[in-house]
Amino acid sequence: MKIGVLLKQVPATDTQVRIADPSTGIATGDVKWTINPYDEFAVEEGLRLKEAGKATEVVLLTVGGKDVEQRIRDALAMGADRALRLEDPGFEGSDCLGLARILAAAIKAEGISLVLAGKQAIDGDNAQVPAMVAELLGWGHVGSVSKLEVDGAGFKAWRTSGGGSLDVVQGGFPAVLTADKGLNEPRYASLKGIMMAKKKAIDVKGAAALGLDASTVGAGAALVVDSAWTLPPQRPAGRILQGDNAARVKELVSLLRSEAKVI
Amino acid sequence: MSDPFDLCNPTPEHLMLRELVADFTAREVEPQAEAQDRKQELNLPLFRTLGELGLLGITVPEEWGGAGMDATAAVIVHHELSKSDPGFCLAYLAHAMLFVNNFFHCSTDEQRRRYLEPVLSGEQVGCMGMTEPGHGTDVLGMTTTARRAGDRYILNGTKTYITNGPEAQLALVYAKLDGRVTAFVVDRSCPGFSSSQPIHKMGMRASTMSELIFEECEVPVANLLGEEGSGMVHMMRNLELERLTLAAMSLGIADRCLEIMVRHAKERVAFGQPINRFGQIQRYIGDSYAMTEATRALVYKVALAVGPEQNNRLGSDAAKLFAAPVGKQVADHCMQVMGGAGYCTEFPVERLLRDAKLLEIGGGTLESHQKNITKDLTRHFA
């Protein structure tokens with residue numbers, strides 16, 4: 001079984017995000033990039049399945065330019081076998097559905113039968129692409145998996161559901177599963193892994209190579225368009241109520257009701 | 001790559017190595033540093049993790065199970081580890097630079113097959129014995145002797161201040177054979193080899209130190225490293241990498257202390273304002289930054305020209321001569337900016353200051369660097 005892991009580069013969580021231009025998005029000049037943390041769980045799970053003899057190859061798939069290659073190398077250094085970088089001028093401005101179409105075409109062409117991805121990327125927090133990929137391929141999908149068992153016949157996946165209970169979902173391959181925190185503890189890339197990553201292949205494919213109808217992806221096909229980018233509003237300063245306790249409690253209750261509107 | 005040249009990370013692999021070690025240091029080295037300093041013990045499980053990560057054979061070629069990386073890579077590891085735990089880093093240095101790197105470059109294939117694997121994994125700890133109770137900088141005055149007796153060499157003498165001495169299964173030892181310095185690899189199975197009780201010290205307490213004692217110690221002839229009398233060549237070559245990586249440790253200490261100092265000066269309020277508004281504090285911060293950056297530029301510049309096939313004693317001596325006082329000075333500035341808090345063990349600064357002092361002594365005193373530099377420059381301008 002060939003495993004495909006969807007990889008996305010995101011700003012590191014300690015990056016100070018600034019808006020470059022309200023119409024184009026964040027300033028990327030001084031951003032420190034990292035692999036989306038949930039995607040790291042997916043990479044680790046793929047590697048563990050391969051090490052357990054349940055998969056033959058772990059292939060990374062990512063949509064992006066040359067600037068994402070360092071993140072691909074990071075995951076190759078963890079132990080993934082090779083990578084596909086999907087780049088084409090026609091891919092620019094794709095929304096989640098466009099990205100899913102690109103990835104689905106590549107997954108089909110690669111003969112992958114299990115797709116692992118993070119449950120969401122921590123930049124856009126859309127949590128849409130993996131589910132859309134499954135839908136486009138007509139495969140089963142389980143999101144937010146925190147424990148996974150795989151055997152020859154299929155998989156058993158645990159996911160958190162409301163109220164602190166767990167769903168256990170059984171299914172067969174092909175399938176798309178997304179990783180939640182708790183699924184595993186991602187390994188460090190060893191120094192040997194880092195040196196080996198240098199020699200592993202990163203193939204670049206565009207729309208033509210994927211047999212993709214260019215009119216279905218890119219800015220022209222996008223159903224969702226970012227209209228404006230702003231930072232969240234500054235949190236207003238807190239207020240300290242004055243007077244004796246009886247008066248303060250009375251005022252607090254009235255403010256919670258009339259101003260904060262939480263009771 | 002159209003990116004401008006990055007002196008500290010000359011290739012993408014160097015950058016990945018730095019990220020690996022920085023991540024490992026923050027997650028696993030930092031949390032144990034204070035306790036190990038207090039216990040005065042080497043954290044052996046953590047040391048073995050360095051083996052799993054492939055860091056113990058960083059300069060050993062890939063075909064021998066190492067990473068095949070260069071002096072810059074070795075500098076990166078020491079630089080990053082020392083931001084949290086210079087004591088632990090010193091144990092790494094004594095093992096990976098003083099034993100593994102040195103051994104690899106003067107051993108035969110047969111010796112490598114016998115000794116390399118367990119030291120690359122961290123299963124066995126290595127150390128190096130050069131300094132003696134009566135001979136430090138004056139290394140040629142060493143009195144440890146070796147004599148040939150059939151298929152053995154017999155070693156007699158005492159080495160001291162040996163980092164990793166208590167834990168080491170293997171030691172690379174210099175002794176005089178017919179008056180000429182010769183290198184041997186000695187293991188714990190050699191009769192007559194022992195180590196003393198640990199020697200307690202001011203800093204670098206996350207690594208241990210002892211004497212190595214040789215009493216009619218029998219070393220198989222097969223454990224001679226290189227030729228009889230070739231020890232000085234190995235010693236001098238390895239000292240360059242040792243001094244460079246020790247300088248990188250001072251840089252790590254300076255980087256960490258600078259960060260602590262700047263954060264503290266912003267948060268600490270006195271006389272109604274953050275203390276970073278005061279010129280006295282700004283002088284500590286400004287001077288510390290400038291000297292740290294100068295150290296960074298020098299250490300990484302010299303690293304480009306240190307290697308088994310290169311000769312750069314001037315550079316490595318200059319790097320350590322400059323870096324070691326900077327590490328100590330910036331740690332001291334940090335403590336001064338923090339006042340009482342800096343002096344207390346609740347913060348890592350007092351530990352880093354104690355650790356920083358060693359780097360003005362170990363691997364060559366400041367005075368030995370001044371001596372070497374004068375000698376080399378005099379020859380250069382002759």
Side-chain angles (χ1 to χ4, degrees), chain A residues 7 9-16 28-37 39-41 43-44 47-48 51 60 62 64-80 82-83 85 181 184-202 204, chain B residues 1-4 6 9-29 46 48-70 72-78 80-81 92 96 100-101 116-117 120-122 259 263:
Chain A
L7 205 68
Q9 144 171 304
V10 297
T13 45
D14 57 356
T15 298
Q16 195 80 34
T28 53
D30 50 0
V31 165
K32 192 182 147 220
W33 298 99
T34 175
I35 298 175
N36 176 40
D39 297 353
E40 273 196 331
F41 298 130
V43 174
E44 177 64 35
L47 297 178
R48 289 185 188 192
E51 284 159 2
L60 308 168
T62 190
K66 204 146 176 63
D67 61 309
V68 304
E69 286 209 353
Q70 192 49 49
R71 302 292 81 76
I72 297 176
R73 294 272 172 222
D74 290 344
L76 290 174
M78 286 173 73
R82 60 190 176 86
R85 183 166 68 78
K181 204 176 166 176
N184 53 49
E185 186 64 42
R187 68 195 64 192
Y188 294 105
S190 73
L191 193 44
K192 196 166 255 178
I194 289 173
M195 299 309 281
M196 278 165 64
K198 200 164 54 169
K199 297 164 195 154
K200 290 178 180 173
I202 302 177
V204 183
Chain B
M1 280 252 176
S2 58
D3 294 345
D6 179 354
N9 305 293
T11 70
E13 286 71 37
H14 287 107
L15 183 59
M16 289 168 82
L17 170 68
R18 184 182 300 282
E19 286 171 355
L20 161 68
V21 182
D23 189 24
F24 172 73
T25 300
R27 282 205 268 171
E28 302 197 28
V29 179
L46 191 68
R48 297 206 167 105
T49 313
L50 295 177
E52 285 167 29
L53 294 176
L55 298 172
L56 297 181
I58 187 159
T59 56
V60 172
E62 286 173 272
E63 59 267 33
W64 284 99
M69 293 188 90
D70 57 7
T72 300
V75 162
I76 287 170
V77 178
H78 290 84
E80 294 298 331
L81 282 176
Y92 169 72
V100 176
N101 179 73
L116 210 48
E117 198 185 317
L120 292 186
S121 70
E259 183 188 341
R263 287 184 191 280

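Each chain gets a letter, A, B and so on, in the order its sequence line appears, and its residues count up from 1.
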Worksheet item: A:Arg73 and A:Lys200: which non-hydrogen atoms are nearest, and at how many Å?
Response: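 So the minimum-distance heavy-atom pair works out to NH1-O, 3.3 Å.
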Discussion item. Looking at chain B, which one of A:Ala197, A:Ala77, A:Ala189 has the largest number of heavy-atom pairs inside 4.5 Å, strictly under?
Written reply: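 Between A:Ala197, A:Ala77, A:Ala189, the count favours A:Ala189.
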Discussion item. Taking atom CD as the centre, does A:Gln16 end up with more than 12 heavy-atom neighbours from other residues, nucleotides or ligands that are less than 6.0 angstrom away?
Written reply: no
Worksheet item: Checking heavy atoms, do the side chain of B:Glu62, its backbone, both or neither come under 4.5 Å from chain A?
Response: side chain
Fill in: Donor-acceptor contact present, side-chain A:Ser190 to main-chain B:Gly54, <3.5 Å
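Answer holds: no.
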Worksheet entry | Residue part contacting chain B, namely of A:Arg187, when any heavy atom lies under 4.5 Å | neither
Worksheet item: Who are the side chain to side chain contact (heavy atoms under 4.5 Å, CB included) partners of A:Thr28, not counting sequence neighbours?
Response: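 A:Thr28 satisfies side chain to side chain contact (heavy atoms under 4.5 Å, CB included) with A:Ile26, A:Trp33 once adjacent residues are dropped.
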